[in-house]
Amino acid sequence: MKQVKILAQFYVDLLVKLGIFRFSLLLAAALVALALVVQISVTLLLQGTMRDVEIIRSVTFGLCITPWAVYFLSVVVDQLEDSRQRLSKLVTKLEQMRARDMELNQQLQANVSRLNSEIEEREKAEEAREEAMQDLENEVYQRENAQLAVAEKSALLKSFLDASPDLIYYRNEKNQFSGCNRAMAELVGKSEKELVGLTPWDVYPAEVAKHILKTDQELFDDNTAMTDEQWLDYPNGKKALFELRKVPLYDRNGKRLGLMGFGRDITERKQYEDAQEKASSDKTAFISTISHELRTPLNGIVGLSRMLLETELTDEQRGYLRTVHVSAITLGNIFNDIIDLDKSDRRRLELLPQPLDLHEFVEDIGNISQLMAEQKGLRFDLECLTELPQNIEVDSTRLRQVLWNLIGNATKFTKQGGVVLSVSSEIHNHDANIIFEVEDSGIGIPKTEINNIFAMYYQVQQGDDNLHAVGTGIGLAVSQQLVHLMGGEISVDSEVGAGSTFTVKIKVPLVETVIEEHVVTDVRPEMTGLSIFMVEDIELNIVVAKSLLERLGHEVTVAMRGDQALAMFKPEDYDLVLLDIQLPDMTGFDVAQKLRQQYQDLPALVALTANVVNDKTEYLAKGMDEVLNKPLSVKAITNVIENLVLSCSHEIQATDLDVIDNSNMTHSSVIDTLLDLEMLTSYVEIVGTEPVYTSIAMFEKMMPDYLAILDSNMTAKDQDGIKFEAHKIKGAAGSIGLKHIQQIAQKAQSPELPAWWENINDWVDEIKYSYQDDINVLKTWLNQQ
């Protein structure tokens, strides 16, 4: 079989090599030859002989048939060869494809194996993922529980912080607030959300912010906690003293984030400390008051007992009287040794002016002083330098106390020579200036000590005999307070070794010339129906003034701030403008100036002030046409309307009617002292009592807040805050005719007064503890109308 394949391959190769035609000829020749040989052989074998015809016939037949058979066979073979070659190529391709298939199969098997591995890994990963998901779900559940617990703790902590009365806040390194509790938000008047991102410059006044940032920087520089005390203001103006504790704030990695602050309100503690100090002062003041005021009658006892000892007495009477005399001197020495304080409670020193025979008063002073001088072997002279008025109105007890103190000091510090009391006066129509001079020839006072001698406890260090040690150093201080209460002055002129001269000047009314003022109750018809624009920030003052003006037939439009007034005002709509001087955002002068800059034609601009007006020049110079005192009186407002609005020909000095001259008023009763009866009477006649009761109720409602803020400013010793609150109280009290409270508040709002800081506690206490009693008096008076 192998040989056949070889022969067939040889046949095909030869065919391909020779070509079909040549190969066909060659094959035909071979076949003819082969056929001839076979023919011959067969014929010879069968017949034994071979004829030529048979040979020719065989060759001819073979030549005719063989080429076609050979060609056909060759074509077939050639086609078969082509088919074989194509088949071979196909087989080769199939083998290649098979090889690729095998390779792909191997790759597929590898991929399947890898895929199986990946599937196994994915199954394992899926199992791990499911386990992880389960763990994650557990962790999420735990975290949710933890977050809920943290949220609950955070809410509890926030509630705890908000419930704390102490300030709690956080600030970052840039001094910006990062959070706070409710107490801090209430202090600054902003919510926590509004506060976050702000700095102390945005929250506090400039001075406070400057101090806070300074202490913050000290904390950051030293990186240690610190404690400070700071006065801070609430939005309503109330002041509070806080003990601020600041500590650095770090994260878990130890990086500093800023600071945390804690503030505890120690205002009550401060007030308690001040109260303790004041209680101690009051106790000492009480003792000093008793000791000092008893010296006056005690000096009389000593002098009169000495005079009686020089008269004819029985031995028993002389013994008794000598005992009285010695006992009085001993008691006086004890009083002189008591440590004293200034009389802090001015209510104990309230003046009670009454008619006084000045001639008799001076004679009594001279008699007692004569006895005091004779005890030390000194000369005493009484000189009346001018004619003195017969009757004046003054608190004789307090004036006598001052003069005896000065004469007693003059006698005490004079070893030889004498003491001279000189009295003179300058008499005017309704009052007189009385001048007392006490001159001695004693040791004198050094120039460097002159300014100190009126201070409490101060004793001049002068003289080898240590004369300063015999007193407590309070006499001159108390005398100065008394003289100031009388509206007078006390001064001293002295030279060491040549003596001293103390001068007391007081202004007193003459009793015979007191003029009773009558209330103007008639209102001219043409004065009604005006349109009045009023700028006032105190609600009680608005109610009182508006009620009065409307009852007079006028229409009133009110603005409570300067900017509001400027926005509302139209000059053609109003006949008169009433401007309060002290407004929350600007002064009445500022409003008047802006109005005059903005408009050509303006109605009359009238200033309203609770201050006593002695000179209206300043008001006119700052753009006002007139000035009125609060509360408004019928007489004052009608005069202004008549002079400035209606332009009447007659002139009335409105200011003279409004100014309250306390030194020229005669107090005939307690009601006259406590209430402004002129204002109240005219007001009630116009509007009736019902609006007054309404105003009183409003005043009673506002006063606790006023006093609370005033107390906080007192504790903080904020002079401007005290002045501002006292001014509001004065205006509110004056609106309902509480003259006594108004006068005390006037003092409280006047830091320029002598010894203001020494007296302000007493004035505030008097307002605090007297205003309700004064209201009761006012209500009683109203019930009688």
Side-chain angles (χ1 to χ4, degrees), residues 139-273 712 715-718:
E139 183 177 355
V140 169
Y141 178 75
Q142 293 175 357
R143 286 190 178 183
E144 287 178 350
N145 290 337
Q147 288 177 351
L148 289 175
V150 170
E152 290 178 358
K153 290 181 180 179
S154 177
L156 180 62
L157 178 60
K158 180 63 175 175
S159 298
F160 174 76
L161 295 179
D162 286 340
S164 172
D166 296 339
L167 307 181
I168 302 175
Y169 58 90
Y170 324 91
R171 282 203 294 271
N172 59 26
E173 295 275 353
K174 297 180 181 179
N175 300 114
Q176 295 173 325
F177 284 94
S178 302
C180 69
N181 68 340
R182 183 178 301 165
M184 183 66 183
E186 291 176 353
L187 172 68
V188 300
K190 300 179 183 293
S191 66
E192 182 180 10
K193 183 178 180 181
E194 294 172 333
L195 186 62
V196 171
L198 300 181
T199 67
W201 292 110
D202 304 318
V203 176
Y204 303 112
E207 288 298 323
V208 176
K210 181 178 179 181
H211 177 76
I212 288 176
L213 292 177
K214 178 183 177 183
T215 56
D216 286 357
Q217 191 59 46
E218 292 175 357
L219 179 141
F220 291 144
D221 292 341
D222 299 337
N223 210 33
T224 56
M226 65 179 302
T227 302
D228 187 29
E229 290 185 1
Q230 181 68 51
W231 283 98
L232 300 175
D233 294 347
Y234 281 91
N236 65 353
K238 179 183 177 182
K239 288 185 176 292
L241 179 62
F242 287 92
E243 183 181 67
L244 300 177
R245 176 71 173 174
K246 301 179 183 179
V247 297
L249 182 62
Y250 303 92
D251 63 10
R252 64 175 64 184
N253 297 321
K255 179 183 177 182
R256 191 177 67 192
L257 302 176
L259 64 86
M260 175 178 286
F262 305 89
R264 172 153 295 181
D265 189 345
I266 59 172
T267 309
E268 290 187 5
R269 186 176 78 186
K270 177 68 173 175
Q271 290 174 339
Y272 177 72
E273 292 173 354
S712 68
T715 306
K717 299 189 183 305
D718 183 351

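Across Asp166, Leu167, Ile168, a single residue satisfies side chain to side chain contact (heavy atoms under 4.5 Å, CB included) together with Met184, and that is Leu167.
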Show me, pair by pair, the donor-acceptor contacts under 3.5 angstrom made by side chains of residues 201-210, not counting sequence neighbours?
residue : atom : partner : partner atom : Å
Asp202  : OD2  : Thr199  : N            : 3.0
Asp202  : OD2  : Thr199  : OG1          : 3.2

* Yes or no on side-chain contact (heavy atoms from CB on, under 4.5 Å) for Val196 and Phe177, after CA distance, side-chain angles and deciding distance? -> CA-CA 5 Å; Val196 171; Phe177 284 94; 5.6 Å; no
* To do: Could you go through the side-chain contact (heavy atoms from CB on, under 4.5 Å) check for Leu187 and Tyr234 one step at a time?
  => CA-CA 5 Å; Leu187 172 68; Tyr234 281 91; 3.9 Å; yes
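For the atom pair CD (Glu192) and OG (Ser178), the distance works out to 10.0 Å, reported to the nearest 0.5 Å. To the nearest 0.5 Å, atom CG of residue Asp251 and atom CZ of residue Arg256 are 12.0 Å apart. To the nearest 0.5 angstrom, Glu273 atom CD is 7.5 Å from Ile266 atom CD1. With values rounded to the nearest 0.5 angstrom, Tyr170 atom OH is found 12.0 Å from Leu259 atom CG. Asn181 contributes atom CG, which lies 9.0 Å from atom CD of Glu186 (distance to the nearest 0.5 angstrom). Once rounded to the nearest 0.5 Å, the distance linking CD of Gln230 with CD1 of Ile212 reads 5.5 Å.
Across all their heavy atoms, Leu244 and Gly263 have their closest contact at CD2-CA, 3.6 Å. Here the closest non-hydrogen pair linking Pro248 and Ala225 is CD-N, 4.0 Å. Pairing each heavy atom of Gly189 with each of Pro235, the nearest pair is CA-CG, 3.7 Å. Between Ala183 and Pro165 the shortest heavy-atom distance is CB-O, 3.8 Å.
Looking at Arg269 and Glu243, a side-chain N of the basic residue comes within less than 4.0 Å of a carboxylate O on the acidic one, giving a salt bridge.
Side-chain atoms of Asp222 do not come within 3.5 Å of backbone N or O of Thr224 as any donor-acceptor pair. Remark: the backbone N or O of Leu241 is paired with a side-chain donor or acceptor of Thr267 at under 3.5 angstrom.
Within 6.0 Å of CD in Glu229 there are more than 12 heavy atoms belonging to other residues, nucleotides or ligands. With a 6.0 Å radius and a threshold of 12 heavy atoms from other residues, nucleotides or ligands, Lys238 has its NZ atom at or below the threshold. Summarising the local packing, CZ of Arg182 is surrounded by 12 or fewer heavy atoms from other residues, nucleotides or ligands at distances under 6.0 Å. Atom OH of Tyr250 has more than 12 neighbouring heavy atoms from other residues, nucleotides or ligands inside a 6.0 Å radius.
Applying the salt bridge (Lys or Arg N to Asp or Glu O under 4.0 Å) test to Asp216 and every residue at least two apart in sequence or in another chain returns Arg171, Lys246.
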